[in-house]
Chemist: 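Take a look at the following structure, please.
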Amino acid sequence: MDAPLSPASPATLPTVAVVGLGTMGTGIAEVLARAGREVIGIDVSEAAAAQAVAALEASTARAVRRERLTEDERRDALARFRTFTDLQAAADADLVIEVAPESYEIKQQIFRDLDSVVRPETILATGTNALSVTRLAADSARPERVLGLHFFNPAPAMKLVEVVSSVLTAPTAVAAVTDLAIELGKEPVAVGDRPGFVADGLLFGYLNQAAAMYEAKYASREDIDAAMKLGCGLPMGPLALLDLIGIDTARRVLDAMYAESRDRLHAPAPVLKQLSEAGLTGRKSGRGFYTYAEPGGAEVVRDALTPLAGEAAEGARTVRSVGVAGSGTMASGIAEVFAKAGYDVVLAARSEEKAEKAKSRIGKSLSRSVDKGRMTAEAAAQTLERITPAGSYDAFADVDLALEAVAEDLEIKQQLFATFDKVCKPGAVLATTTSSLPVVACARATSRPQDVIGMHFFNPAPAMKLVEVVRTVLTGDDVHATVREVCAKIRKHPVDCGDRAGFIVNALLFPYLNNAIKMVQEHYATLDDIDAAMRLGGGYPMGPFELLDVVGLDVSLAIEKVLHREFRDPGLAPAPLLEHLVAAGCLGRKTGRGFREYARR
């Protein structure tokens with residue numbers, strides 16, 4: 001909450017009124033006061049105003065202790081913050097930022113009242129993240145001076161500010177608040193007026209789908225959250241994030257988005273309504289998707305849905321040796337993972353030469369680990385010795401687990417599983433690493449579908465901790481137990497899911513990426529602004545277009561098509577812009593051009 005804020009010369013909009021002194025309003029007031037602005041805090045509740053002063057005193061004291069502010073700077077910042085309970089106090093403000101509850105009625109009344117209080121040139125900003133700025137502006141006497149200024153919580157720490165223009169907003173007003181945001185040390189992103197704007201517009205659709213996935217009992221709350229943290233590098237899982245935001249708040253935002261878009265992806269999942277109406281709104285109430293030690297606290301405590309820790313995998317088969325089919329990056333990465341964990345590995349490809357090449361790639365990877373001090377040269381040599389390259393799948397005759405990592409083509413995989421059926425011994429577990437194809441279709445290519453399961457590793461396999469364990473309706477309990485036990489031995493985190501397109505990660509990730517493409521396609525925001533919004537406002541390690549270019553636009557399109565075909569939801573139809581780029585051969589970094597251009601190596 002007390003990230004360093006560099007004091008700026010108050011050249012732009014020196015006096016700012018903040019209407020609504022809840023958590024967000026208080027945070028915005030702190031940002032402004034510490035950056036040299038005179039801040040007029042207004043709230044109808046005297047208690048809220050007093051609490052805002054106390055919160056500012058506490059956070060600035062913490063900043064002094066951490067040497068991010070001097071005592072003199074703290075004293076000056078506190079002196080610049082004055083609180084009132086009457087809107088008349090905003091009379092001398094150059095900018096008014098309202099951060100009242102998300103209600104048209106409340107916000108419109110504030111804007112009507114401000115019309116008779118402030119000077120004609122005063123800019124009026126709404127902090128809404130869900131309501132129409134245009135609708136609020138149209139009700140004002142001077143709609144040209146009304147815009148959106150959407151800070152993210154906690155405002156002192158979060159860099160992103162979305163500057164929202166309506167068709168009525170004057171460019172001079174936009175320029176003034178953009179300059180202010182820069183002087184506050186923020187990164188402003190210019191966006192148009194639509195529910196959720198950029199960051200929340202993309203984020204809440206993803207959160208809604210995660211809630212629907214949980215409601216359908218497709219995966220547990222713990223597995224959904226772990227999958228998105230470990231598979232995408234996100235700081236929080238979607239259900240934990242919904243609890244933090246407030247389930248009632250999320251439902252309101254989604255309702256507003258759906259009213260505008262009529263996109264089923266924005267129609268709030270029924271579980272959000274059920275939890276909200278039961279008062280189970282997340283952390284603030286002490287219970288939402290998870291149960292917390294106390295209202296407002298972050299500590300999750302056990303409840304009836306919490307899985308037992310360290311449950312033994314009953315009935316697991318013994319696995320000593322593993323066969324990996326394939327010669328690409330994923331196959332060699334998986335072989336390396338198993339060999340490091342002490343398993344004997346047969347690495348088989350369509351030719352001895354391809355298998356040797358894959359083993360050589362593993363050798364280079366192990367050498368890099370030695371150079372970085374992650375393992376000894378002796379351990380690397382022993383790991384490499386455990387890997388036997390083979391030019392025929394006949395070498396899988398004695399393996400306990402046969403795992404394929406070949407091309408993402410169902411016909412190729414089915415032929416391979418038919419081969420596994422012939423060469424692998426009875427009792428061997430047969431696994432596919434598919435990310436988008438039906439596991440049961442691979443199982444049906446064998447005479448032992450009960451032995452077939454999905455083990456979806458993520459790239460690069462040695463570094464990524466997640467494995468999606470995909471059971472079909474035919475998979476045996478002992479096979480599932482075996483794979484869970486194996487995952488523990490290779491130090492991966494398994495999450496259970498059923499056999500449907502996208503499993504957990506891709507089913508939640510790719511609709512979000514597709515929606516980002518639609519934003520660009522509709523000229524709503526630029527690539528750079530969307531990427532910045534999701535990194536700075538959503539905590540994503542990469543923006544959606546950075547990620548698309550890394551994954552490959554052809555791979556992304558193939559996954560989008562599979563999701564659309566499986567769920568038949570019009571909102572999942574691949575964005576035409578993605579299809580056009582793929583048709584033009586612009587596939588991302590691997591071709592030197594995707595959504596962006598890259599220097600050829």
Side-chain angles (χ1 to χ4, degrees), residues 10 12-56 77-151 153 155 161 163-164 166 168-170 172-174 176-177 180-181 184 193 252:
T12 307
L13 307 171
T15 302
V16 183
V18 178
V19 180
L21 295 175
T23 303
M24 180 60 85
T26 302
I28 293 170
E30 178 181 343
V31 171
L32 291 162
R34 285 176 61 174
R37 267 60 184 181
E38 293 294 324
V39 184
I40 300 160
I42 302 172
D43 199 292
V44 291
S45 163
E46 288 186 9
Q51 192 173 358
V53 172
L56 193 58
L78 292 174
R80 285 191 289 270
F81 181 49
R82 294 167 292 144
T83 62
F84 302 86
T85 56
D86 191 330
L87 277 179
Q88 288 292 332
D92 295 327
D94 303 296
L95 165 69
V96 180
I97 305 172
E98 74 75 19
V99 204
E102 289 290 275
S103 157
Y104 277 117
E105 192 175 280
I106 293 171
K107 291 180 186 290
Q108 284 172 328
Q109 187 60 54
I110 289 170
F111 278 104
R112 279 194 293 268
D113 292 345
L114 285 169
D115 280 336
S116 60
V117 170
V118 300
R119 304 190 310 270
E121 67 273 17
T122 299
I123 297 169
L124 305 181
T126 172
T128 184
N129 68 337
L131 304 181
S132 167
V133 176
T134 307
R135 185 170 158 185
L136 294 172
D139 209 43
S140 167
R142 295 186 183 85
E144 72 280 356
R145 66 180 177 180
V146 178
L147 44 68
L149 199 55
H150 181 212
F151 287 79
N153 202 19
V161 174
V163 179
V164 189
S166 79
L168 305 169
T169 310
T172 50
V174 175
V177 297
L180 172 66
L184 296 177
D193 182 24
R252 278 199 306 273

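Predicted, not measured: the structure shown is a model, and the values here were computed from it.
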Chemist: Measure from the side-chain N and O atoms of Thr169 to the backbone N and O of Val146, and report whether any donor-acceptor pair falls under 3.5 Å.
Modeler: yes
Chemist: Inspect the contact between Arg37 and Asp94 and indicate whether a charged nitrogen and a carboxylate oxygen are less than 4.0 angstrom apart.
Modeler: no
Chemist: Taking the side chain as C-beta and beyond, is there a heavy-atom pair between Phe81 and Thr83 under 4.5 Å?
Modeler: yes
Chemist: For the CD1 atom of Ile97 and the CD1 atom of Ile123, what is their distance to the nearest 0.5 Å?
Modeler: 10.0 Å
Chemist: Measure the spacing between CG of Leu114 and CZ of Arg145 and express it to the nearest 0.5 Å.
Modeler: 8.0 Å
Chemist: Return the CZ to CD1 distance between Phe151 and Ile28, rounded to the nearest 0.5 Å.
Modeler: 5.0 Å
Chemist: Just checking, is any N or O donor in the side chain of Asn153 or Thr23 under 3.5 Å from an acceptor N or O on the other one?
Modeler: no
Chemist: Can you check whether Lys107 reaches Glu102 side chain to side chain, under 4.5 Å on heavy atoms?
Modeler: yes
Chemist: Taking all non-hydrogen atoms of both residues, which atom of Ala52 and which atom of Thr26 are closest, and how far apart?
Modeler: CB-OG1, 3.4 Å
Chemist: Quick check: does any side chain N or O of Tyr104 sit under 3.5 Å from a backbone N or O of Ser132, one acting as donor and the other as acceptor?
Modeler: yes
Chemist: Where do Ala89 and Ile42 come nearest, in terms of heavy atoms and distance?
Modeler: CB-CD1, 4.2 Å
Chemist: Would you say Val18 and Ile40 make side-chain contact, with heavy atoms under 4.5 Å?
Modeler: no
Chemist: Ignoring hydrogens and angles, state whether a donor on the side chain of Glu98 or Thr126 is under 3.5 Å from an acceptor on the partner side chain.
Modeler: yes
Chemist: Between Val133 and Gly148, what is the shortest heavy-atom contact and its length?
Modeler: CG1-N, 3.8 Å
Chemist: Salt bridge between Arg119 and Glu121, side-chain N to carboxylate O under 4.0 Å?
Modeler: yes
Chemist: In Å and rounded to the nearest 0.5 Å, what is the CG to CG distance from Leu21 to Leu56?
Modeler: 10.5 Å
Chemist: What are the two closest heavy atoms between Asp115 and Ala141, and how far apart are they?
Modeler: OD2-N, 2.8 Å
Chemist: What are the two closest heavy atoms between Thr85 and Ser45, and how far apart are they?
Modeler: CG2-C, 4.5 Å
Chemist: Determine whether Asp193 and Thr134 satisfy the following criterion, side chain to side chain donor-acceptor pair (under 3.5 Å), listing intermediate values before the conclusion.
Modeler: CA-CA 7 Å; Asp193 182 24; Thr134 307; 2.5 Å; yes
Chemist: Could you walk me through whether Val174 and Leu147 satisfy the side chain to side chain contact (heavy atoms under 4.5 Å, CB included) test, starting with their C-alpha distance in whole Å, then the side-chain angles of each, then the deciding distance to 0.1 Å, before giving a yes or no?
Modeler: CA-CA 7 Å; Val174 175; Leu147 44 68; 4.2 Å; yes
Chemist: Between Asp139 and Arg112 (salt bridge meaning N to carboxylate O under 4.0 Å), is one present in this structure?
Modeler: yes
Chemist: Could you state the interatomic distance from CD (Glu144) to CG (Leu124), rounded to the nearest 0.5 Å?
Modeler: 9.5 Å
Chemist: More than 12 heavy atoms of other residues, nucleotides or ligands under 6.0 Å from CD of Gln51: is that the case?
Modeler: no
Chemist: List the atom of Leu95, the atom of Thr122, and the distance in Å for their closest heavy-atom pair.
Modeler: N-CG2, 4.0 Å
Chemist: As an exercise, state the distance from CD of Gln108 to CG of Leu131, rounded to the nearest 0.5 Å.
Modeler: 9.0 Å
